[in-house]
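Below: one structure, written as structure tokens.
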There are 2 protein chains.
Amino acid sequence: MSGPTVRDVAEVAQVSLATVDRVLNNRGGVSAKVVDRVKAAVVQTGYVRNLAAANLSRRRIYRFCFVVPTGDTGFVALLHAALAQEQHRLREEQVVVQIVPTRPFDVEDQIAALRNLDCDAVAVMVSEAPEINEEIASLLASGVRVVSLVADLPSSGRDAYVGPDNVMAGRTAAEFMGRFIKDAGNILMIAGSLAARDHSERLLGFQMVMQERFDGCTLLPAAQGADDAARVEQIVLDTARDRPIAGIYAIGAGNRGLVRAVGTLDPKPVTIVHELTQISREALRTGTFDLVIDQDIRAGVIAAVGVMRDLTDSITPPADAGRIKLNIYSRENIQ
Amino acid sequence: MSGPTVRDVAEVAQVSLATVDRVLNNRGGVSAKVVDRVKAAVVQTGYVRNLAAANLSRRRIYRFCFVVPTGDTGFVALLHAALAQEQHRLREEQVVVQIVPTRPFDVEDQIAALRNLDCDAVAVMVSEAPEINEEIASLLASGVRVVSLVADLPSSGRDAYVGPDNVMAGRTAAEFMGRFIKDAGNILMIAGSLAARDHSERLLGFQMVMQERFDGCTLLPAAQGADDAARVEQIVLDTARDRPIAGIYAIGAGNRGLVRAVGTLDPKPVTIVHELTQISREALRTGTFDLVIDQDIRAGVIAAVGVMRDLTDSITPPADAGRIKLNIYSRENIQ
DNA sequence: GAATTCTTGAGGTACGTCAATCAAATTTCT
DNA sequence: AGAAATTTGATTGACGTACCTCAAGAATTC
């Protein structure tokens, strides 16, 4: 009727129910020979665990934390919204999530946040710094699984990365920048901080493609806006005073200031930014921004939770589990 | 943690478990007074039926069908791939899916396919025709829930639509077409068939934006390529013989022919197509195509299955459950 | 007032898995 | 050979709901 059960597997493998259970939920204490026999039996019978029954029976609760920056980006708000949307599914899968906000680019604050965690796994979006790496190492040592979110920390020893390919994000921005700009011109790049790996990687990709394929454009030295609206606004205005700007690539947050500044420029530069927020959505609609490259936070949350669950269960997550797609929005496909 | 159960409801309502069960699954034989008391208790306790447990107890298996066209688009292949990827998860959730292929734009064949279904719910991607509407009505009447996939059938009375906003897809294509084309020029639009609602809606959106905002371009009369590579190739070559083509918007399938034809044109027109397949991916990479607007079939499958499950369980699916995002691919963000 | 229906209670079994126990069998070590 | 460790079996009780039976109580009908 409803497919083979553990019972059938046990029968085929010529072992007891308990042994099948031990193998399936790798609890250990089973000889290699028997493990193979059970696994073969699983394949032979076509057994697939009944998730409903499993979740019903399992009383395990997964406790996960998200350590993410507050700030003008509204990232925390979006994360909250995404989690709220997934709440039902999370509850069904026995997952409890807590969000720990930190001040952006404030390493001390990030470290403090990492110190006071009480959970099975954590997804962190933090700066790249040796002190952070140490903190992550000690988390890992104490058995907490660590996933880097959006901004990778390859040298920290984190268990996995969940986020977009940021180099590709920068390359994509350059592709559209190059095609949207009619003639050659000056391109202003504004990052939040180059210590944030997502920002530096995007910058890298952007510069690569601009130089490779759109060498009529002149790249101005990259500015750092600290994800702060006022700073970003000032950077744009200061730069525009000395020379015309044909294009702006804003890598980090602070788009509120960017909207204000771009509004005063004539001719309006081609403006490409990251993250679809209220502000960038509105700016797209009015034509202030020309393109928004967005990472789907909801998909990111789902992926992160999935990976953290796998890690907590000592399962190796699928290779592409952490890869988040980039969404490209123009004024016509805002959602 | 895991919420109130029927037990709690029974206690609050001061009745037995059996009576709560009778009310919840309206089996009848309960006085109005007690029914009210139980319902009040449900509200008061915030009881929500645990679907997993319910389905487990019921031994329920969800049987879903996908009625979709074969053809050069490789849609069936992509659907198969997407289903294969999701197979494990689907089986864990007691979902069995069957794919029923039909000949593209062949209404008779589509009707025949709809006649021989044996399932709880069906996702259909078919033409818009009165006979089809009738067939869907009779499916609905017999208790089968019907979801329209990718191409909506609003007048059929289907329970839900799962797919992208096709007007938006066309508008988006126009946005990028307008910005990519340096000067004014002739735009060739090739649909598969205007009887397919997804195609006609895309065309509509494309024309709207081109006329509104890029009126330097001249829209040639829309051609119909029947999703056939040879036909599409011929259309392009025939059109190019008489006048220069600045842009091509290919709405349906048959991209293999498009690649061949565009390769012979000089200067190469800006080419925007739908669906990220092997062919379009390769054409993006080589620069033959400039943009691909893709509907994530995997996301579509997941959404469709979710909606069908909800419908089968008599749950109203969330308002945005059927909305599939459009993904925009340039040569730099192919995935 | 008896016979009838209707309403409610009490209890059980099943669904498939997880998780834990204790005992028995087997292997490994000394 | 005996002790210790490892591996396996047998069994049990959740988890929350569905669905069934049997019996007793209440309300209705004649």
Side-chain angles (χ1 to χ4, degrees), chain A residues 1-39 41-42 45-62 88 91-95 309 312-315, chain B residues 1-39 41-42 45-62 88-89 91-95 312-315:
Chain A
M1 181 83 52
S2 56
T5 74
V6 274
R7 257 159 248 286
D8 303 311
V9 175
E11 200 173 329
V12 170
Q14 308 255 57
V15 296
S16 72
L17 266 174
T19 301
V20 174
D21 179 61
R22 287 190 261 258
V23 174
L24 290 182
N25 300 291
N26 40 328
R27 300 187 210 282
V30 181
S31 67
K33 202 189 293 180
V34 174
V35 169
D36 287 346
R37 222 162 70 216
V38 171
K39 285 188 173 167
V42 167
T45 56
Y47 167 79
V48 177
R49 142 185 94 141
N50 181 329
L51 236 202
N55 286 336
L56 183 60
S57 167
R58 197 199 314 263
R59 257 161 312 172
R60 172 130 167 66
I61 295 178
Y62 298 86
H88 183 72
R91 248 194 63 179
E92 272 199 343
E93 298 186 2
Q94 320 292 116
V95 172
R309 237 182 77 133
T312 309
D313 288 339
S314 302
I315 296 172
Chain B
M1 164 57 208
S2 52
T5 73
V6 274
R7 255 161 251 283
D8 302 310
V9 175
E11 200 172 330
V12 170
Q14 310 254 57
V15 297
S16 72
L17 265 174
T19 301
V20 174
D21 179 60
R22 287 176 187 121
V23 174
L24 289 182
N25 300 292
N26 39 324
R27 300 186 210 284
V30 181
S31 67
K33 202 189 294 181
V34 174
V35 169
D36 287 346
R37 222 162 71 217
V38 170
K39 284 188 175 168
V42 166
T45 55
Y47 168 79
V48 178
R49 168 203 262 128
N50 182 330
L51 250 192
N55 287 334
L56 178 61
S57 170
R58 245 190 220 123
R59 264 164 295 184
R60 162 161 217 120
I61 294 178
Y62 299 88
H88 195 259
R89 209 154 75 89
R91 285 211 35 199
E92 277 194 346
E93 297 180 4
Q94 311 297 111
V95 172
T312 310
D313 287 335
S314 301
I315 295 174

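The chains referred to below are lettered A, B, ... by the order of the sequence lines, with proteins before strands, and numbering in each begins at 1. Since we're looking at a predicted model, the values are computed, not measured.
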Whole-Å distance separating the CG atom of B:Leu17 from the C1' atom of D:dT21: 16 Å
Between D:dA18 (C1') and B:Asn26 (CG): distance, integer Å: 14 Å
Just report the end-to-end axis angle for the helix from C:dG1-D:dC30 to C:dT30-D:dA1, five pairs per end, to 10 degrees. 30°
Please identify each residue that fulfils salt bridge (Lys or Arg N to Asp or Glu O under 4.0 Å) with B:Asp21, with sequence neighbours left out. B:Arg27
Rounded distance (nearest 0.5 Å) linking atom CG of A:Leu51 with atom CZ of B:Arg91: 12.5 Å
side-chain contact (heavy atoms from CB on, under 4.5 Å) involving B:Arg60 - partner list, sequence neighbours excluded: B:Asn55, B:Arg58, B:Tyr62, B:Asp120, B:Thr312, B:Asp313
Strictly under 3.5 Å: I want the nitrogen or oxygen pairs between protein and nucleotides 24-27 of chain D, one per line.
none

Hits for side-chain hydrogen bond (donor to acceptor under 3.5 Å, both in side chains) against B:Ser16, two or more places apart or cross-chain, chain-then-number order -> B:Thr19
Taking only residues two or more places apart in sequence, or in another chain, which ones meet B:Val35 in a side-chain contact (heavy atoms from CB on, under 4.5 Å)? B:Val23, B:Val30, B:Lys39
Between P of C:dA19 and CD1 of A:Ile61, the distance in whole Å: 12 Å
Would you please name every residue forming a side-chain contact (heavy atoms from CB on, under 4.5 Å) with A:Thr45, sequence neighbours left out? A:Pro4, A:Val9, A:Val12, A:Tyr47
For B:Arg7, check side-chain contact (heavy atoms from CB on, under 4.5 Å) against everything at least two apart and list the hits. B:Thr5, B:Leu17
Looking at residues at least two apart in the chain, or sitting in another chain, which of them share a salt bridge (Lys or Arg N to Asp or Glu O under 4.0 Å) with A:Arg49? B:Glu92
Any protein N or O atoms within reach of nucleotides 6-8 of chain D? Criterion: under 3.5 Å, listing atom names and distances.
{"residue": "D:dT8", "atom": "OP1", "partner": "A:Ser31", "partner atom": "OG", "Å": "2.6"}
{"residue": "D:dT8", "atom": "OP2", "partner": "A:Ser31", "partner atom": "N", "Å": "2.6"}
{"residue": "D:dT8", "atom": "OP2", "partner": "A:Ser31", "partner atom": "OG", "Å": "3.4"}

What's touching nucleotides 14-18 of chain C from the protein side, N or O pairs under 3.5 Å?
{"residue": "C:dC15", "atom": "O2", "partner": "B:Ser57", "partner atom": "N", "Å": "3.3"}
{"residue": "C:dG16", "atom": "OP1", "partner": "A:Ser2", "partner atom": "OG", "Å": "2.8"}
{"residue": "C:dG16", "atom": "N2", "partner": "A:Ala53", "partner atom": "O", "Å": "3.3"}
{"residue": "C:dT17", "atom": "OP1", "partner": "A:Tyr47", "partner atom": "OH", "Å": "2.6"}
{"residue": "C:dT17", "atom": "OP2", "partner": "A:Val6", "partner atom": "N", "Å": "2.9"}
{"residue": "C:dT17", "atom": "O2", "partner": "A:Ser57", "partner atom": "OG", "Å": "2.6"}
{"residue": "C:dC18", "atom": "OP1", "partner": "A:Asn25", "partner atom": "OD1", "Å": "3.4"}
{"residue": "C:dC18", "atom": "OP2", "partner": "A:Asn25", "partner atom": "ND2", "Å": "3.3"}
{"residue": "C:dC18", "atom": "O4'", "partner": "A:Ser57", "partner atom": "OG", "Å": "2.7"}
{"residue": "C:dC18", "atom": "O2", "partner": "A:Ser57", "partner atom": "OG", "Å": "3.3"}

